[in-house]
Amino acid sequence: MASAAAAGPPPGPAAPKSRRSVTGTRKAVAALFLLPALVLLGALVLYPIGYSLVRSFYNASGDGFAGIDNYKALFTDDGIRTALKNNIIWVVFAPTVSTALGLVFAVLTERVRWGTAFKLVVFMPMAISMLAAGIIFRLVYDQDPDKGVANAVWVGVHDTFAQSSAFPKAHPGRESPLEPDQGGFITSAPVHTGQTVALPLVGVAPDQMPDGAKKAVAAKPEPGRITGTTWQDFTRGKGVGKLGVPDPSELGYAGMRIEAVKDGKVVASAKAADDGTFTLPAQADGARLRLPAGNFREPYNGVDWLGPSLVTPAIIGSYVWMWAGFAMVLIAAGLAGVPRELLEAARVDGANEWQVFRRVTVPLLAPVLAVVTVTLMINVLKVFDLVYIIAPGSSQDDANVLALELYRKGFAESQPGIASAIAVFLLLLVIPVMLFNIRRLRREGRR
């Protein structure tokens, strides 16, 4: 009895647990503050997803159940299959190239004084909307070298090594001794030494003649040689000038190449002087004179960047221009947290810079690289603006992606059932990438 008394009265019922969160806020108050966000989430995210899912099983009018026919169209419609193929190309290349460039920029700018300024310039395209970037690159990729920067550079490099002809429109006029031959022109009769040959042409505007062209001069005969003149046989003004004879106001075809062809072989060649005159050696005796096709080659106009074969890589290039800065900034932030002693230890052990980068820097940055790549993959699956704006109408089918096809089916072709099926399919493609990212973030949080 004494021990029982000493133990005291039996314990009463446990006190009720506090209905407060870890921050001290009542759960009811917390739920009340979360309610507006939950309402918006339901109205702007959950309801559209649910409605799209239901709508994807109905026909175009919405009053008939179509079953899985809309989903069958995803794999039978040529436009959707092209869009799916292009989306695969986008997912494989765009995030990879953007992340790789961001990594290179982040590592290299660490060691230069102007690294911050460089990062600012590279990141600046992120401040530009997709619409503005699309308009910019539509101009950059313009086929005309006088408008498109890409072709202006390309043509400049090309013409440095292979100069375009100055006479692309030149052709024989009336009563000319020349006739067509494999893209060029050739004399109808053979020529002989001691003879002068007139090779008149027309078709080149006076302002398009070479800068070095001088007034055409009638060639003088030379023993043992063939001489001649090639010139623009046209004088402005009605009834002015004589055909087949160089007039005072007519210019020579400076730089025109002349070949002597005998039995199908070139036995001699010459280049016209600034006044259009030329001289061929005795080997040309009995040959026909040819103005080869190279004299009349059309000017090089560059690459058809927005043509069917290059339109998708060209648009991916504009995307990389915008998002490489985003990747660079995130990777640079991760690089700032890398222990410098690990890098120095690798260098002390004899590793060169490439080995330090490949064996130490990249593995330590693997979590950051995964975040950047996954984020860009999600972003790429939704790409629409750049493709819609940059790709011209003639190449839009070849550049098509799922987001653009969704818009075209839903609004241009009035097939909302198929458009809803594409939207659901896009969601299914994004979900695995999002789950991977969430799981990776959770693993990082447990460390």
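When side chains are defined from C-beta on, Val356 does not count as touching Glu344, because their heavy atoms never get closer than 4.5 Å. Proximity of Phe278 to Leu289: side-chain heavy atoms (C-beta onward) are separated by under 4.5 Å at one or more points. Residues Leu139 and Lys147 fail the side-chain proximity criterion, which asks for heavy atoms closer than 4.5 Å. Residues Asp304 and Gln143 meet the side-chain proximity criterion, which asks for heavy atoms closer than 4.5 Å. For the pair Thr375/Phe326, a side-chain contact is recorded, criterion being any heavy-atom separation below 4.5 Å from C-beta on. Within the 4.5 Å cutoff, side-chain heavy atoms of Ile390 are placed close to those of Ser318. A 4.5 Å side-chain heavy-atom check between Leu376 and Val372 finds at least one atom pair inside the cut-off. Side-chain contact between Pro308 and Ser394 is absent, with no heavy-atom pair separated by less than 4.5 Å.
Counting only distance, with no hydrogens or angles, the side chain of Glu110 and the backbone of Val107 share no donor-acceptor pair below 3.5 Å. Checking side-chain atoms of Ser395 against main-chain N and O of Pro392 turns up no donor-acceptor pair under 3.5 Å. Although no hydrogens or angles enter the test, the distance criterion places a donor-acceptor pair under 3.5 Å between the side chain of Asn86 and the main chain of Asp398. Judged by distance alone, the side chain of Arg288 and the main-chain N or O of Thr187 form a donor-acceptor pair under 3.5 Å. Panel note: side chain Thr230, backbone Gly276; no donor-acceptor pair is recorded below 3.5 Å. Under the 3.5 Å distance criterion, the side-chain polar atoms of Asn352 are matched with a main-chain donor or acceptor of Gln355. A donor-acceptor pair is defined here as one N or O able to donate and one able to accept, closer than 3.5 Å; no such pair exists between the side chain of Arg111 and the backbone of Gly115. Judged purely by atom type and a 3.5 angstrom limit, Asp233 has no side-chain atom pairing as donor or acceptor with the backbone of Leu243.
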CA sep, side-chain torsions, deciding dist, call: Val338, Leu365, side-chain contact (heavy atoms from CB on, under 4.5 Å): CA-CA 8 Å; Val338 172; Leu365 288 176; 4.0 Å; yes
Given Phe357 and Val362, is the side-chain contact (heavy atoms from CB on, under 4.5 Å) satisfied, shown in steps? CA-CA 6 Å; Phe357 173 76; Val362 172; 3.8 Å; yes
Check the pair Gln415 / Asn70 against side-chain contact (heavy atoms from CB on, under 4.5 Å), numbers first and verdict last. CA-CA 10 Å; Gln415 299 185 54; Asn70 292 328; over 6 Å; no
For a side-chain contact (heavy atoms from CB on, under 4.5 Å) check, start with the C-alpha distance between Ile80 and Ile418, then their side-chain angles and the critical distance, and finish with the verdict. CA-CA 10 Å; Ile80 299 177; Ile418 296 180; 3.8 Å; yes
How far apart are the C-alpha atoms of Tyr71 and Ser56, what are their side-chain angles, what is the distance that settles it, and do they pass the side chain to side chain donor-acceptor pair (under 3.5 Å) test? CA-CA 8 Å; Tyr71 288 93; Ser56 67; 2.7 Å; yes
Go through the steps to decide whether Asp247 and Ser249 satisfy the test side chain to side chain donor-acceptor pair (under 3.5 Å), and finish with yes or no. CA-CA 6 Å; Asp247 293 313; Ser249 62; over 6 Å; no
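A salt bridge (charged side-chain N to carboxylate O under 4.0 Å, His left out) with Glu259 holds for exactly one of Lys265, Lys271, Arg290; it is Arg290. Tested against Phe167 for a ring pair (Phe, Tyr, Trp, His ring centres under 6.0 Å), the candidates Phe185, Phe296, Tyr253 yield a single pass: Tyr253.
More than 12 heavy atoms of other shown residues, nucleotides or ligands fall within 6.0 angstrom of atom CZ in Phe65. For CD of Gln182, the number of neighbouring non-hydrogen atoms (other residues, nucleotides, ligands) closer than 6.0 Å is 12 at most. Within a 6.0 Å radius of CE in Met126, other residues, nucleotides and ligands contribute more than 12 heavy atoms. Atom CH2 of Trp321 has more than 12 heavy atoms from other residues, nucleotides or ligands within 6.0 Å. In the displayed structure, Asp263 atom CG is contacted under 6.0 Å by at most 12 heavy atoms of other residues, nucleotides or ligands.
Contact detail for Arg257 and Ser269: the closest heavy-atom pair is NH2-OG, 3.2 Å. Considering every non-hydrogen atom in both Val303 and Asn151, the closest pair reads N-OD1, 2.7 Å. In terms of heavy-atom proximity, Asn400 sits nearest to Gly79 at ND2-O, 3.6 Å. Nearest heavy-atom pair, Pro432 versus Leu428, reported as atom, atom and distance to 0.1 Å: CD-O, 2.8 Å. Taking each heavy atom of Arg340 and Leu335 in turn, the nearest pair found is NH2-O, 2.9 Å. Minimum interatomic distance between Ala403 and Lys382 (heavy atoms only, all atoms of both residues): CB-O, 3.9 Å.
Ring geometry, Trp323 versus Tyr319: the interplanar angle falls under 30°, so the pair is classed parallel (tilted spans 30 to 60°). The aromatic rings of Phe384 and Tyr388 sit parallel to each other, their planes meeting at less than 30°, with 60° as the upper class boundary. Between Phe75 and Phe425, the ring planes are perpendicular. Angles over 60° get that label, and only those under 30° would be called parallel.
A salt bridge does not link Asp274 with Lys215: every distance from a Lys NZ or Arg NE/NH1/NH2 to an Asp or Glu carboxylate oxygen is 4.0 Å or more.
Taking CG of Leu199 as the start and CE of Met256 as the end, the distance is 9.0 Å to the nearest 0.5 Å. Interatomic distance, CG of Leu369 versus CG of Leu364, reported as 10.5 Å (0.5 Å rounding). We find the CG-CD distance between Asn87 and Glu405 to be 10.5 Å, quoted to the nearest 0.5 Å. Expressed to the nearest 0.5 Å, how far CE of Met322 lies from CG of Asp385 amounts to 8.5 Å. Once rounded to the nearest 0.5 Å, the distance linking CG of Leu404 with NZ of Lys409 reads 11.0 Å. With rounding to the nearest 0.5 Å, the separation of CG in Leu342 from CZ in Arg359 is 16.0 Å.
Between the side chains of Asp275 and Thr277, at least one donor N or O sits under 3.5 Å from an acceptor N or O.
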